[in-house]
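Reviewing the structure listed below.
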Amino acid sequence: MLQVSYIRDNREQVLERLAVKNFKQVNLVSEVIELDDKRRSTQTSLDNTSAEANAAAKQIGELMRAGKKDEAEGLKAKTGTWKEDIKRLGDQLAAIEEELYQKLVLLPNLPHSSVPKGLTPEENEVVLENGAKPNLPESALPHWELAAKYSLIDFELGVKITGAGFPVYKNKGAKLQRALINYFIDEAEKAGYSEVMVPLMVNEASGFGTSQLPDKEGQMYFVNEDNLYLIPTAEVPITNMYRDVILKGEDLPMKNCGHTPCFRREAGSYGAHVRGLNRLHQFDKIEIVQVAHPDKSYEVLEQMSLHVQGLLQNLGLPYRVLRLCGGDMGFGSALTYDMETWSAAQQRWLEVSSVSNFESFQSNRLKLRFRNAEGKTQLAHTLNGSALALPRIVATLLENNQTEKGIKIPEVLVPYTKFEWID
RNA sequence: GGAGAGGUGUCUGAGUGGUCGAAAGAGCACGCCUGGAAAGUGUGUAUACUUCAAAAGGGUAUCGAGGGUUCGAAUCCCUCCCUCUCCGCCA
């Protein structure tokens, strides 16, 4: 959520930035400012009336104690109008604040100045490409066929137990999952992220805090009985650890990592591109999260991007880094890098990570602040990224590393898998 | 699931209708004291809003959340949420 004070002070710039995200409801900006004007004047009237009423109440108390009952009664008689006014103004204020909030949550975050204008994924900017794409023989198989051939993943069994998009990992397929999880967590800890294990269900307040709600309500599984949402990413519980928190300036940056399954309804996405591991309802992911000083958050973003790239390099996967264009960015993000690996058998790029700086968009909702050098509270910046999401890594690994002998496990993983080949 | 107790500031904890944004202690910060430290001592120590104000400061709101009673609510009433204890169930 954007800060109203910022919108007020930088109206033209806000409009300009929103245009980069192709945001159409530009009149919301002036509506927000008008409502805030109304809010302020109503608040002032309410405050003044309350002050009068408070003073009178105090005086009545004093008169009562002094035994001047008549005077007190006289004063009491006058309080009626104030009471009515306070009630009326209070209701008005609540209504205005609600309306303001409803409009405010419709405004996406402002994109960073480096974000390219654009509508579709094709307009994302390729920042860099790294690693050689393997040349596979004609007989190369896509990962879903490899998974069946080596008995690594049973999609049909998952359908029986739950439904499409909930695969069962078996044998070396299951072990590969655990190996990747442990490897990614170990690497994150080496980079200074402290591990947390968090709940897989969150309440409404947490969903709002990281702006999945109300924006992506339909994308989350919802447990009606208890009013809880299954997490679509560990970003939600991990970032919400810092909800309603005032950090000390010297505590920044806070760095956490965690592994969780992620649950996504992915309503409406079917077809050839979602075969196999390409898109699932449940998958495992290691998330890295930082709470940073506003002056440092873009440095931190680069550092997180490099961390993710390091993992991909270590796994020997060809990858590229995209700077998302305004139209392809998430609602709350100011700058997002997507990392994609080249899936040689499918001949396409697969998104395996997304690293974003939310600046103060989330922290404004979270009320996540720190005490700055002047001792004042200030909104911190939040960042997060996948490091990494497993399924497409597995897909690319299986496809790119297939040989006649079997599938070669990358060296860095062998201490974790304890086998070198899937055969 | 059944029965009971309770939610106050960074923490402990007082406060059952006015003088309460809230005693006291601890912690923390700064100062004094000290060769240095401890002890001692003094001061300070919530958040938000504010078309009041240059600032100091002032006003308003907040004692789990929301509503109500009252001239006046941390205190009384209602609803909800949460925590703890005992019983039941249980990895």
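Reminder, nothing fancy here: chain letters follow the sequence lines and each chain counts from 1.
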For E287(A) and N256(A), does a side-chain donor sit closer than 3.5 Å to a side-chain acceptor? no

Indicate, with a heavy-atom threshold strictly under 4.0 Å, whether A51(A) touches base, sugar-phosphate, or nothing. sugar-phosphate

Under 3.5 Å, is there a donor-acceptor pair linking the side chains of D186(A) and Y416(A)? yes

Over all strands shown, is R369(A) touching base, sugar-phosphate only, or nothing at heavy-atom distances under 4.0 angstrom? sugar-phosphate

What's L46(A) touching, base or sugar-phosphate or nothing? Going by heavy atoms closer than 4.0 Å. nothing

Counting only side-chain heavy atoms from C-beta out, which of rG18(B), rA48(B), rA61(B) sits nearest to M64(A)? rG18(B)

When you check the side-chain N and O atoms of Q362(A) and T382(A), is any donor under 3.5 Å from an acceptor? yes

Rounding to a whole Å, what distance do you find between K83(A):NZ and rA73(B):P? 9 Å

Non-hydrogen atoms of E31(A) and K103(A) that approach each other most closely: OE1-NZ, 2.8 Å

Between E52(A) and G375(A), which has a closest nucleotide on RNA chain B that is more 5'? G375(A)

Below 4.0 Å: OP1/OP2 of rU51(B) and any side-chain N or O of R39(A): no

Looking at F419(A), is K172(A) sitting on its ring face, NZ or CZ under 6.0 Å from the six-membered ring centre and within 45 degrees of the normal? yes

Under 4.0 Å between a side-chain N or O of R371(A) and OP1 or OP2 of rA46(B)? no

Among rU47(B), rC71(B), rA61(B), which is the nearest nucleotide to the side chain of I246(A)? rU47(B)

Atom P, compared across rG7(B) and rU16(B): separation rounded to whole Å: 13 Å

Calculate the interatomic distance between E204(A) atom CD and rC80(B) atom P; express it in whole Å. 18 Å

Value in whole Å for how far the C1' atom of rG17(B) lies from NZ of K76(A): 12 Å

Does rG68(B) have its OP1 or OP2 closer than 4.0 Å to a side-chain nitrogen or oxygen of K87(A)? yes

Counting the atoms with a prime plus P, OP1 and OP2 as sugar-phosphate, which does S50(A) contact under 4.0 Å by heavy atoms, base, sugar-phosphate, or nothing? sugar-phosphate

Please give the nucleotide sitting opposite rG44(B) as a Watson-Crick or G-U wobble pair, both distances under 3.5 Å, or none. rC28(B)

Please give, in whole Å, the distance from rG58(B) C1' to N48(A) CG? 12 Å

For rU16(B), give the paired nucleotide (Watson-Crick: N1-N3 plus N6-O4 or O6-N4; G-U: N1-O2 and O6-N3; both under 3.5 Å), or none. none

Can you tell me if the side-chain N/O atoms of T377(A) get under 4.0 Å from OP1 or OP2 in rA48(B)? yes

What is the distance, rounded to the nearest whole Å, between atom CH2 of W82(A) and atom P of rU70(B)? 17 Å

In whole angstroms, the gap separating P of rC71(B) from CD of E84(A) amounts to 13 Å

Side chains of N364(A) and Q3(A): donor-acceptor distance under 3.5 Å anywhere? no

Residue mapping more 5' on RNA chain B - nearest nucleotide basis, A57(A) or T44(A): A57(A)

Rounded to whole angstroms, how far apart are CG on L247(A) and P on rU47(B)? 14 Å

Once you round it to whole Å, what is the distance between P of rC80(B) and CG of D226(A)? 17 Å

On the nucleotide rC71(B), are OP1 or OP2 found under 4.0 Å from the side-chain N or O atoms that K58(A) carries? no

Answer yes or no: does a side-chain N or O of N227(A) lie under 4.0 Å from OP1 or OP2 of rC81(B)? no

Polar side chain donor-acceptor pair, D338(A) to S354(A), under 3.5 angstrom: yes

Closest to the R40(A) side chain, choosing from rU50(B), rC71(B), rG59(B): rU50(B)

Determine the contact category for L75(A): base if any of its heavy atoms lies under 4.0 Å from a base atom, sugar-phosphate if only primed atoms, P, OP1 or OP2 are that close, otherwise nothing. nothing

Who does rA53(B) pair with, Watson-Crick or G-U, both distances under 3.5 Å? none

The Watson-Crick or G-U wobble partner of rA5(B), with both key distances under 3.5 Å, is rU83(B)

Distance below 4.0 Å between N54(A) side-chain N/O and rU60(B) OP1 or OP2: yes

